[in-house]
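One structure coming up, written as structure tokens, with questions to follow.
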Amino acid sequence: MSLAVFDLGGSSVKYGLWDQQRINQVGHFTTPTTFENLKVQLQQTIAPYKDQMTGVAFSAPGAVNVTQRRIDGISAIPYIHQRPIYDELESHLGLPVTIENDANCAGICEMVLGAGKNVENAVFLVIGTGVGGAIFINGELYKGAHLFGGEFGLMHNQNGKTLSYNGTAVNTAARFSKQYGNKLTGLELFEQKDAGDKRATQAIESMYNHLADSLYNIQVSLDPEMVILGGGISARSELAEELQTRLQKLLTDEGISAILPEIKTCHYQNNANLIGAALNFENIQKSR
């Protein structure tokens, strides 16, 4: 089964060819400003391989409503929402289409092939510009009654702000830059911390503590056996250990350290969304 696979993002669209259970021909193009232009770019991208393809799999932002064949909610790509997007794409591309939320796709990839392989109950946390995620119960993706399962970024921390505000390197660096008048990226903030800067260290420590605070609430609510971390920050080798240590203390303080999950970083990193979209297509085809 050969599939064209696309990951729709606010600034760029990644693509690849899924063949023999591998992702190949990976590339990207700038996200078009209109749906019509997007369809043209998609068609041009798959044209060289279309004869060998059996379908097109998408990873997309928003609340993907598979039953109604549309994408609800909002995202950085406004024109993909509240329209019969499945029908429109299938008509234009001439191939069967599947769509799944981007965080869910990354989670599917990690659960089937990556860090969560052979795990039944897990939470996948994507830490990027904001925080998203996916929930897996008894090996199955759990979307929730309103397709909002895994929207961990909307959880509130003790300071009344959301985890997306408190728990990302992007937003932590932005607040740090505003406070001290020295414009830094998240990576540069970590570099300053690594160099021993006390203010940068304090900012990162606060971010870690907010993440651990939310992981505590997730753990006592869902009790997963594993938490898988994705997003750009997951490339930091110390992230899983830092959060494991903090979560263990929070659970120990309540006398429930026995429910500590294993925390691991994702295996497939930047290609997780593409691979998960392909696996989602295969799962849907098998169930028909």
Side-chain angles (χ1 to χ4, degrees), residues 1 3 5-9 14 16 18-23 26 55 57-66 98-128 130-145 147-153 155 163 211 214-215 217-235 239-240 243-244 247 259-288:
M1 179 182 290
L3 302 171
V5 190
F6 294 92
D7 177 28
L8 306 180
K14 288 186 65 176
W18 179 252
D19 186 52
Q20 302 295 318
Q21 297 297 296
R22 291 178 180 238
I23 195 75
V26 175
F58 287 89
S59 159
V64 179
N65 191 325
V66 177
T98 61
I99 308 173
E100 185 52 86
N101 170 267
D102 45 15
N104 288 345
C105 283
I108 290 168
C109 170
E110 291 298 324
M111 289 295 288
V112 175
L113 300 174
K117 190 175 182 180
N118 301 320
V119 172
E120 287 292 307
N121 301 295
V123 162
F124 184 73
L125 203 71
V126 184
I127 308 168
V131 178
I135 302 167
F136 294 85
I137 299 175
N138 297 326
E140 299 292 328
L141 176 65
Y142 174 75
K143 296 187 179 184
L147 304 177
F148 252 61
E151 292 293 343
F152 303 121
M155 297 175 67
L163 182 59
L211 284 165
S214 292
L215 286 178
N217 290 327
I218 292 170
Q219 191 61 33
V220 298
S221 300
L222 298 173
D223 193 22
E225 58 194 288
M226 181 178 288
V227 174
I228 305 168
L229 306 171
I233 193 176
S234 66
L239 178 65
L243 295 183
Q244 184 107 40
L247 179 57
I259 72 167
L260 178 70
E262 183 179 7
I263 300 180
K264 299 179 72 172
T265 53
C266 68
H267 179 75
Y268 283 93
Q269 297 287 333
N270 291 334
N271 285 334
N273 291 16
L274 292 174
I275 295 171
L279 294 172
N280 177 64
F281 185 103
E282 292 180 343
N283 288 338
I284 290 174
Q285 291 297 107
K286 288 176 184 176
S287 65
R288 287 176 175 169

**OP:** Measure across Ala103 and Ala134 and return the closest heavy-atom pair with its distance rounded to 0.1 Å.
**Re:** O-CB, 3.9 Å
Subject >> Set of ring pair (Phe, Tyr, Trp, His ring centres under 6.0 Å) partners for Phe136, sequence neighbours left out >> reply: none
**OP:** Only pairs at least two apart or in different chains count here, so list each side-chain hydrogen bond (donor to acceptor under 3.5 Å, both in side chains) that has a residue in residues 98-109.
**Re:** Glu100-Asn104, Glu100-Lys143
**OP:** Look up atom SG in Cys105 and atom CG in Asp7, then write down how far apart they are to the nearest 0.5 Å.
**Re:** 7.5 Å
Original post:
Can you list the residues that meet the side chain to side chain donor-acceptor pair (under 3.5 Å) rule with Glu262, with sequence neighbours excluded?
Top reply: none
Original post:
Taking the side chain from Gln244 and the backbone from Lys264, do they hold a donor-acceptor pair closer than 3.5 Å?
Top reply: no
Original post:
Which heavy-atom pair separates Thr265 from Ala240 by the least distance, and what is that distance?
Top reply: CG2-CB, 4.2 Å
Subject >> Leu125 side chain near Val131 side chain, heavy-atom distance below 4.5 Å >> reply: yes
Listing, residues 218-235 side-chain donor-acceptor contacts under 3.5 Å, not counting sequence neighbours, or none:
residue	atom	partner	partner atom	Å
Gln219	NE2	Asp223	OD1	3.2
Gln219	NE2	Pro224	O	3.0
Gln219	NE2	Ile259	O	2.9
Ser221	OG	Asn217	O	2.7
Glu225	OE2	Glu120	N	3.2
Glu225	OE2	Asn121	N	3.0
Ser234	OG	Gly231	O	2.6
Ser234	OG	Gln269	OE1	3.4

**OP:** Output all residues satisfying side chain to side chain contact (heavy atoms under 4.5 Å, CB included) with Asn270, sequence neighbours left out; order by chain, then residue number.
**Re:** Lys14
Can you give each donor-acceptor pair under 3.5 Å made by side-chain atoms of residues 274-284, sequence neighbours left out, with the distance rounded to 0.1 Å?
residue	atom	partner	partner atom	Å
Glu282	OE1	Gln21	NE2	3.4
Glu282	OE2	Trp18	NE1	2.8
Glu282	OE2	Gln21	NE2	2.9
Asn283	ND2	Leu279	O	3.3

Using atom types as modelled, flag every donor-acceptor pair under 3.5 Å from a side chain in residues 109-117 to any protein atom, sequence neighbours excluded.
residue	atom	partner	partner atom	Å
Glu110	OE1	Ala115	N	2.9
Glu110	OE1	His267	N	2.9
Glu110	OE2	His267	N	3.0
Glu110	OE2	Tyr268	N	2.8

Original post:
At their closest point, which heavy atom of Phe152 faces which heavy atom of Phe124, and how far apart are they?
Top reply: CE1-O, 3.8 Å
